[in-house]
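As the structure is a prediction and not an experimental result, all values here were calculated from the model. Start at 1 and go down the list; that is how both ligands and their atoms are numbered.
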Amino acid sequence: MTTKEGFAVAPRALIAGNWKMNMDRVSSEVLASALAQNVGSVAVDLAVCPPSVYLSPVSVVLGSSGVALGGQDCHTAQNGAHTGDVSPEMLADLGCTYVIVGHSERRADHGEDDAAVRAKAEAARRAGLIPIVCVGETEAERDAGKALDVVESQVRGSVPEGLTGATLVVAYEPVWAIGTGRTPTADDVAAVHAHIRKVLGDLCGDAANVRLLYGGSVKPGNAKELMSVANVNGALVGGASLKAEDFLGIAKATP
Ligand SMILES: O=C[C@H](O)COP(=O)(O)O
């Protein structure tokens with residue numbers, strides 16, 4: 001049996017919250033607690049990616065609730081002289097399931113190119129983590145009609161070969177939609193996600209089962225439309241992941 005998107009077995013959607021450099025210890029624990037108490041009310045997988053310094057207290061609060069934990073970035077090495085960095089093994093040691101790699105804020109602020117992102121994704125797999133590999137075009141690239149080419153190039157350069165639906169998540173985040181309140185049309189999201197799925201066919205044995213997240217100004221009010229687009233299997237949520245009501249609202253609006 002296959003779904004309309006062609007999944008052999010439809011995976012549950014994943015709604016992942018990227019808290020970025022927000023929250024403090026107490027507010028992190030309060031938010032995590034609210035999610036842990038309400039995860040049973042949603043029919044999707046939930047994950048939160050707090051700042052690395054709050055992973056441990058959040059992990060304690062989440063306990064065995066089923067809300068997964070993720071890092072926002074990782075180094076490629078297991079350990080060593082890398083001041084300020086966190087290894088994927090350290091994230092795994094704290095109970096992380098996921099790690100975001102190649103977020104546009106890391107690509108822009110830290111000069112990470114596709115090769116660096118791929119190395120991080122490979123390191124994540126070494127540690128048993130599922131990388132959430134982020135790709136997305138700038139506004140200038142979209143205006144120039146290059147969105148599909150840019151995203152294809154990023155996927156080919158950033159996604160290690162041989163991963164599967166169980167070991168890889170890809171997030172499409174148009175840079176111009178992040179934190180702006182602007183979103184692409186459903187047709188534009190559908191076109192990019194279909195293209196990513198096709199490109200993944202060259203890299204993954206079961207591309208149909210890789211969860212493709214949309215990210216960029218996802219809110220409770222637009223989640224139903226965005227999450228209903230073909231080949232969209234969840235969301236990577238920034239600002240709206242900082243309030244339990246909004247994050248759960250997105251999860252509840254996701255088919
Ligand atoms: O990682 C999350 C994205 O950058 C989206 O952020 P946003 O929901 O605040 O637009």
Classify the side-chain pair S59/S56 by whether it contains a donor and acceptor separated by less than 3.5 Å. no
Heteroatom distance test (G215, ligand 1): nitrogen or oxygen, under 3.5 angstrom: no
Among non-hydrogen protein atoms, atom 9 (O) of ligand 1 lies closest to G239 N, 2.8 Å
Does only the side chain of N18 get under 4.0 Å from ligand 1, or the backbone, or both, or neither? Count heavy atoms. side chain
Hey, does H103 come in under 3.5 Å of ligand 1, counting only N/O atoms on both sides? yes
Output the list of atoms in ligand 1 that are nearer than 4.0 Å to some heavy atom of G216, sorted by atom number. 5 (C), 10 (O)
Ranked by distance from atom 8 (O) of ligand 1, the top protein heavy atom is G238 N, 2.9 Å
Looking at E122 and R126, does any basic side-chain N land under 4.0 Å from a carboxylate oxygen? no
Are any side-chain N or O atoms of Q72 and backbone N or O atoms of C49, one a donor and one an acceptor, separated by less than 3.5 Å? yes
Going by side-chain hydrogen bond (donor to acceptor under 3.5 Å, both in side chains), N233 matches just one of R211, H193, R197, R12. Which one? R197
Counting non-hydrogen protein atoms only, what is the nearest one to atom 3 (C) of ligand 1? Give residue, atom name and distance. E173 OE2, 2.9 Å
For the 3.5 Å polar cut-off, considering only N or O atoms, please tell me whether G179 and ligand 1 meet it. yes
Distance-only side-chain donor-acceptor flag, E29 / S33, under 3.5 Å: no
Proximity flag K20 to ligand 1, non-hydrogen atoms under 4.0 Å: yes
Is it true that E139 and R182 make a salt bridge, defined as a side-chain N closer than 4.0 Å to a carboxylate O? yes
Can you find an N/O atom of T180 closer than 3.5 Å to an N/O atom of ligand 1? no
Is there side-chain contact between Y54 and D24, with at least one heavy-atom pair below 4.5 Å? yes
